[in-house]
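Shown next, in structure tokens, is the structure this report addresses.
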Amino acid sequence: QVQLVESGGGLVQAGGFLRLSCAASGRTFSNYAMGWFRQTPGKEREFVAVINWSGGNTRYADSVKGRFTISRDNAKNTVYLQMNSLKPEDTAVYYCAVGSTSYGTSWYGNYNYWGQGTQVTVSS
């Protein structure tokens, strides 16, 4: 059974940082892109970042570019999201997901497996 488990969320002051982790189990995902999305109540799930199968290609939403860094460790079947200079508008539930291809997209419909989410709250 495929399972993605996010961790590392929490409460942080504006300007602070957090590192999210997403550990996958049940199968290996080293051939697939992995992404991070976020969602706030009443809004659609929003693309944050994606990394291709090898880790050599990344893409970010404009709202997080220069502040967030996505990375992966295929030996550990884990993807990370380093979030620096956090802002109150970054407050959301963050989800990791496994893409259906080796190079991911920003559309959530192209992702097959999802974690349960981890809450990130940034206070002003």
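- The closest side-chain heavy-atom distance from Val120 to Leu20 is below 4.5 Å.
- Salt-bridge annotation for Asp62 and Lys65: present, with a side-chain N of the basic residue lying under 4.0 Å from a carboxylate O of the acidic one.
- Side-chain contact between Val93 and Thr118 is absent, with no heavy atoms from C-beta onward closer than 4.5 Å.
- Interatomic distance, Ser30 OG to Asp73 CG, rounded to the nearest 0.5 Å: 11.0 Å.
- Distance check: Glu44 CD to Tyr108 OH gives 5.0 Å after rounding to the nearest 0.5 Å.
- Ring centroid separation for the pair Phe37 and Trp114 comes in under the 6.0 Å cut-off.
- Residue Phe29 qualifies as enclosed at atom CZ: its count of foreign heavy atoms under 6.0 Å is above 12.
- Of the inter-residue distances, the one linking Glu89 atom CD with Ser63 atom OG reads 8.5 Å to the nearest 0.5 angstrom.
- The closest side-chain donor-acceptor pair between Tyr94 and Arg38 falls under 3.5 angstrom.
- A donor-acceptor contact closer than 3.5 angstrom is absent between the side chains of Asn57 and Arg59.
- Here Glu6 contributes atom CD and Gln116 contributes atom CD; the two are 4.5 Å apart, rounded to the nearest 0.5 Å.
- Looking at Thr101 and Trp53, their side chains never come closer than 4.5 Å, going by heavy atoms from C-beta outward.
- Between atom OG of residue Ser85 and atom CZ of residue Phe68 there is a gap of 9.0 Å, rounded to the nearest 0.5 Å.
- For Arg45 and Tyr95, the positive end sits near the middle of the six-membered ring, less than 6.0 Å away and at most 45° from its axis.
- Side-chain atoms of Asn77 never come within 3.5 Å of backbone atoms of Ala23 as a donor-acceptor pair (strictly under, hydrogens ignored).
- Side-chain contact annotation: Asn112 with Ser100, donor-acceptor N/O pair under 3.5 Å absent.
- Going from atom CD1 of Ile70 over to atom CD of Gln82 covers 12.5 Å, rounded to the nearest 0.5 Å.
- In this structure, Ile51 is a member of the same hydrophobic cluster as Leu18, with clusters built from ILVMFWY side-chain heavy atoms closer than 4.5 Å.
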